[in-house]
Protein chains: 2
Amino acid sequence: MRFPKLFERLATLVPLPPEEWAKAEAVAKEQSLAKRELFMRPGDAADRFAVVLQGVFRGVRVSPRGVESIKAFRAEGELIGAYAEMLQRLPSMTAIEALEPSHVLVFQTQDFQKLERGHVCWERLARRVAEQHFVLKERREQEFLELSAEERLVKFWEEHPHLKGRIPQRDVAAYLGITEVALSRIMSRRRKRTE
Amino acid sequence: MRFPKLFERLATLVPLPPEEWAKAEAVAKEQSLAKRELFMRPGDAADRFAVVLQGVFRGVRVSPRGVESIKAFRAEGELIGAYAEMLQRLPSMTAIEALEPSHVLVFQTQDFQKLERGHVCWERLARRVAEQHFVLKERREQEFLELSAEERLVKFWEEHPHLKGRIPQRDVAAYLGITEVALSRIMSRRRKRTE
DNA sequence: ACCTGGGCTTGACCTGGGTTAAGGCGGAGG
DNA sequence: CCTCCGCCTTAACCCAGGTCAAGCCCAGGT
């Protein structure tokens with residue numbers, strides 16, 4: 001077993017026999033990415049995903065008008081991939097970019113489907129993953145509906161303290177749905193208020 | 001089989017043996033709701049959900065400050081329930097209210113879990129449901145990130161033409177994340193522009 | 001026919017964030 | 001050492017949307 005920690009983490013979600021995990025490790029490939037390197041680019045087939053072993057990624061979507069917005073940051077132990085597009089069998093509309101030199105464990109969805117056919121535990125895991133992603137997205141929706149940009153900022157750092165210092169400010173802005181200028185103003189406002 | 005249409009719809013998502021569906025129908029209860037009646041209120045245990053047979057519902061969340069925002073509208077064939085809270089085993093934080101005299105088919109999550117233990121098809125269905133909900137929420141997130149209120153409005157009516165005339169305008173505003181005043185202004189702006 | 005209330009509109013005023021453009025600052029490379 | 005670049009900040013101006021308040025329209029009830 002090459003990744004016992006990862007196995008443990010997944011086994012807390014769903015009963016996962018070690019021999020099934022061994023099969024998964026057999027089809028997974030490790031990949032290293034330099035800072036700024038893309039794990040996936042828009043237009044790519046959404047036919048693979050990965051677990052982050054080391055590093056931070058951002059999922060970026062560029063709107064027709066050319067505005068970058070950020071769907072999510074992903075760090076150690078989290079999944080990267082164009083999940084929504086994969087489910088809809090569409091080509092990826094997002095770029096997934098390493099913000100640091102990173103290291104990931106890649107799965108082809110095809111291989112994963114083979115695992116699913118072999119044992120229900122994989123389907124159960126996939127369900128758990130879908131449910132967790134849903135809960136996160138709904139939380140974010142709620143934030144857009146009832147919080148101001150400043151409140152969203154505060155909440156962001158409360159919920160992602162491990163990203164402190166690892167992501168540029170402009171990306172935080174693009175995650176919050178505002179410009180870097182607005183974010184800078186919000187921060188100076190807060191500095192003044194509490195100085 | 002009391003609800004053959006519903007069975008057909010679900011069977012397109014996942015292979016669903018008719019005898020399993022019969023078991024589901026056996027535990028389901030029909031319920032009628034008057035206009036404005038609540039299917040679920042904040043604080044209720046999130047231990048049941050329903051399929052809408054007739055009518056329209058809104059999922060409302062009231063923020064600590066007392067601002068109502070609307071998470072979703074649900075019409076015929078769709079599910080109602082405090083899904084995120086159910087997954088997290090939390091009490092419901094949303095009210096689900098009938099906007100018309102409505103008719104639903106109610107399941108207790110407990111009963112549904114029993115079905116799941118009896119046949120994998122129910123787990124597969126639950127996975128599909130989670131995935132679809134995720135895709136919808138992600139789409140909405142994207143809209144908040146890259147569209148103006150006016151563009152969100154246009155998109156809303158494109159995607160929900162069947163709700164035309166069935167939901168009050170203030171609720172559309174609360175869904176878009178703006179006030180009814182702002183929505184009214186947007187509409188008059190559009191009227192002028194295209195008159 | 002008259003009230004009444006709910007839902008929508010409109011106006012006046014304010015604020016937050018977008019846009020554009022001009023610095024500031026620190027680190028990497030010459 | 002200086003320069004360049006990437007990243008952040010600040011300022012000036014504009015506009016969308018929030019807030020508060022008044023008014024309109026119309027359906028239902030008496």
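Reminder, nothing fancy here: chain letters follow the sequence lines and each chain counts from 1.
- Residue A:R152 has no polar side-chain atom (N or O) positioned under 4.0 Å from OP1 or OP2 of C:dG17.
- A cation-pi arrangement is present between A:R48 and A:F39 under the rule of less than 6.0 angstrom and at most 45 degrees off the ring axis.
- The partner of D:dT30, taking Watson-Crick or G-U wobble pairs whose two distances both stay under 3.5 Å, is C:dA1.
- In this structure, the ring of A:F73 has its center no less than 6.0 angstrom from the ring center of A:H160.
- Side chain of B:R185, nearest nucleotide from C:dG17, C:dA12, C:dG7: C:dA12.
- The aromatic rings of A:F134 and B:H133 stand perpendicular to each other, their planes meeting at an angle above 60°, with 30° marking the opposite boundary.
- No engagement by A:L183 is indicated, since no non-hydrogen atom pair under 4.0 Å with the nucleic acid exists.
- Each of B:V181 and A:A149 was assigned the nucleotide of DNA chain C with the nearest heavy atom; the assignment lying further toward the 5' end belongs to B:V181.
- Extent of DNA chain D lying under 4.0 Å from chain A heavy atoms, first and last nucleotide in 5' to 3' order, is D:dC7 to D:dA12.
- Nucleotide C:dG6 holds its C1' atom 10 Å from the CZ atom of B:R36, rounded to whole Å.
- Straight-line distance from the CD1 atom of A:I186 to the C1' atom of C:dT15: 13 Å, rounded to whole Å.
- Counting only residues at least two apart or in different chains, salt bridge (Lys or Arg N to Asp or Glu O under 4.0 Å) contacts with residues 2-18 of chain B comprise B:R2-B:E30.
- Looking at B:E76 and B:R166, a side-chain N of the basic residue comes within less than 4.0 Å of a carboxylate O on the acidic one, giving a salt bridge.
- With a 4.5 Å cut-off on side-chain heavy atoms, A:Y175 and B:L145 do not count as touching.
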